[in-house]
Amino acid sequence: MNVELQIKTLTEQLNQYAKEYYTLDNPSVEDAEYDRLYRELAKLESENPNLIRADSPTHRTGDVVLSGFEKYTHEYQLYSLQDAFSREEVEAFDARVRKEIAAPEYICELKIDGLSLSLVYVNGVLQTAATRGDGSIGENITEQVKRIKDVPLVLSEPIDIVVRGEAYLPRKNFQKLNAAREEEGLPSFANPRNAAAGTLRQLDTKVVAKRGLATFLYQEASPATNATQAEVLTYFEKLGLVVNDQRVFATNMTEIWDFIQKVATMRDDLAYDIDGVVIKVNDLSQQDELGFTVKFPKWAIAYKFPAELAET
Ligand SMILES: NC(=O)c1cc2c(N)ncc(C(N)=O)c2s1
């Protein structure tokens, strides 16, 4: 088999094994077998650097220690959501929407308690990952984000797209991390969000790879080709991006509030922290019609759960 085909086969095999291990939590090969194949690929790549593929797992390792964070100017501004803390405030949002949209269909999604992330793909290849910053200028954390196992280095289609999402630390990895820090006599992180933020601010990317961060992508920043938010999310999944599966449609306040209450009861059983529910007008042309206030989109609201009492 020629070297290029060997490299392609090894890369695809290793990426499949990594997906089984990290995302499906169901590895089909022993670590030793993965390591053997990985070393074989790394050897072939070092002998044929021109044949290294963009989706090679060797981009996710290697001890890149950065000297600092470069600033990154977002092509598409990251906006914040208006918060709601009561049913009445969500009702007021719904009433404002109905002033312009007769019979809105909403999509309700979980509000992940992590760190905002912007991913820029060019020709389907991850070019830049950046923090939100002030919404216009963030920090370039591309090398760190390449160490988040569920972020695809290459999408299933060679498209240019800018997506928004959240990087978070799954609760089980948060507990493991704090246990290890206690062992080492280091201060523990107060919550998974702080741990995720602290991890992505690590200049030593080897540390990021060990911590087990994960992502949920939830918004297209570049002009969407889909008609609705629901279709955007389905498209993201097709591209290989991770999308949260807890999302429902609602056409009135009762359905919205039923979902909020359902989420409030199941929140503690989730594998990750959330701090609310995001309600959005599903139709993207209606989102454009509604537009923005000075600060927020008028087509979405973030219902925030009452802050959980700190564990005493
Ligand atoms: N600041 C924002 O615009 C958002 C923040 C978040 C978040 N932390 N989690 C989920 C969503 C979502 N599903 O839309 C959004 S949207």
Side-chain angles (χ1 to χ4, degrees), residues 74-85 90 93 97 104-119 129-138 145 148 150-151 161-171 191-197 200 213-222 224 226 228-237 241-250 256 259-260 262-264 266-267 270-284 286-288 290-305 307-308:
H74 295 292
E75 186 179 355
Y76 303 97
Q77 173 115 4
L78 281 86
Y79 41 73
S80 300
L81 294 182
Q82 179 165 14
D83 287 337
F85 297 96
V90 180
F93 160 74
V97 168
E105 179 189 54
Y106 295 110
I107 181 167
C108 305
E109 304 170 19
L110 301 188
K111 192 169 183 304
I112 312 301
D113 193 5
L115 200 78
S116 272
L117 209 49
S118 176
L119 303 179
T131 62
R132 181 185 181 288
D134 63 2
S136 302
I137 299 178
V145 168
I148 303 180
D150 69 8
V151 171
I161 189 169
V162 180
V163 299
R164 302 264 181 272
E166 206 81 2
Y168 69 94
L169 189 60
R171 286 173 172 162
N191 54 51
R193 192 208 169 287
N194 288 6
L200 284 175
L213 287 179
T215 59
F216 287 122
L217 283 307
Y218 49 66
Q219 197 89 25
E220 179 164 0
S222 36
N226 310 86
T228 68
Q229 166 66 3
E231 287 165 12
V232 167
L233 296 178
T234 303
Y235 183 48
F236 279 11
E237 288 172 321
L241 296 163
V242 179
V243 173
N244 191 282
D245 56 3
Q246 301 285 332
R247 53 195 196 257
V248 299
F249 294 112
I256 291 173
F259 182 63
I260 286 174
K262 174 181 166 252
V263 172
M266 66 172 216
R267 181 182 180 193
L270 292 172
Y272 45 86
D273 280 6
I274 62 169
D275 59 354
V277 169
V278 180
I279 299 114
K280 301 172 186 173
V281 169
N282 189 37
D283 183 298
L284 299 184
Q286 291 178 350
Q287 289 187 6
D288 294 344
L290 286 160
F292 289 71
T293 66
V294 170
K295 288 177 73 178
F296 307 118
K298 288 164 67 177
W299 40 267
I301 192 100
Y303 172 78
K304 303 289 286 282
F305 289 120
E308 289 202 305

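For reference, positions follow the sequence shown, starting with 1. Excluded from the calculations below are hydrogen atoms, water molecules and symmetry mates; all remaining heavy atoms, backbone and side chain alike, are included. Ligands are counted one by one from 1 in listed order, and the atoms in each one are counted from 1 as well.
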Point to revise | Steps toward side chain to side chain contact (heavy atoms under 4.5 Å, CB included) verdict (Gln219, Gln229) | key: CA-CA 8 Å; Gln219 197 89 25; Gln229 166 66 3; 4.3 Å; yes

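- Close to ligand 1: Tyr79, with a non-hydrogen atom less than 4.0 angstrom away.
- Close approach of ligand 1 to Val278 is summarised as follows: ligand atoms under 4.0 Å from at least one heavy atom of the residue are 11 (C), 12 (C), 14 (O), 15 (C).
- In this structure, Tyr106 and Val278 have side chains that are not in contact, with every pair of non-hydrogen atoms separated by 4.5 Å or more.
- Residue contacts with ligand 1 for Lys111 involve both N, CA, C or O and side-chain atoms from C-beta outward (heavy atoms, distance under 4.0 Å).
- Thr215 is not listed as a side-chain neighbour of Val145, based on a closest heavy-atom distance of 4.5 Å or more.
- For ligand 1, the atoms sitting less than 4.0 Å from at least one non-hydrogen atom of Glu166 are 7 (C), 8 (N), numbered in the order shown with element in parentheses.
- Only the backbone of Leu110 comes within 4.0 Å of ligand 1, counting heavy atoms alone; no side-chain atom from C-beta on gets that close.
- Distances below 4.0 Å separate heavy atoms of Glu109 from the following atoms of ligand 1: 12 (C), 13 (N), 14 (O).
- Under the side chain to side chain donor-acceptor pair (under 3.5 Å) rule, Tyr218 has a single partner from Lys280, Glu166, Lys111, Arg247, which is Glu166.
- Tyr218 OH, 3.4 Å is the protein heavy atom nearest to atom 5 (C) of ligand 1.
- When hydrogens are left out, the protein atom nearest atom 9 (N) of ligand 1 is Ile112 N, 2.9 Å; that is the closest non-hydrogen contact.
- Between Phe216 and Tyr168, the ring planes lie parallel to each other; the angle is under 30°, not in the 30° to 60° tilted range.
- The closest donor-acceptor contact from the side chain of Asn244 to the backbone of Glu109 lies at 3.5 Å or more, if one exists at all.
- Atoms of ligand 1 found under 4.0 Å from any heavy atom of Lys280, numbered from 1 in the order shown, are 12 (C), 14 (O).
- Counting heavy atoms from C-beta on, the side chains of Ile301 and Tyr303 never come closer than 4.5 Å.
- Counting only heavy atoms of the protein, atom 2 (C) of ligand 1 lies nearest to Leu81 CG, 3.5 Å.
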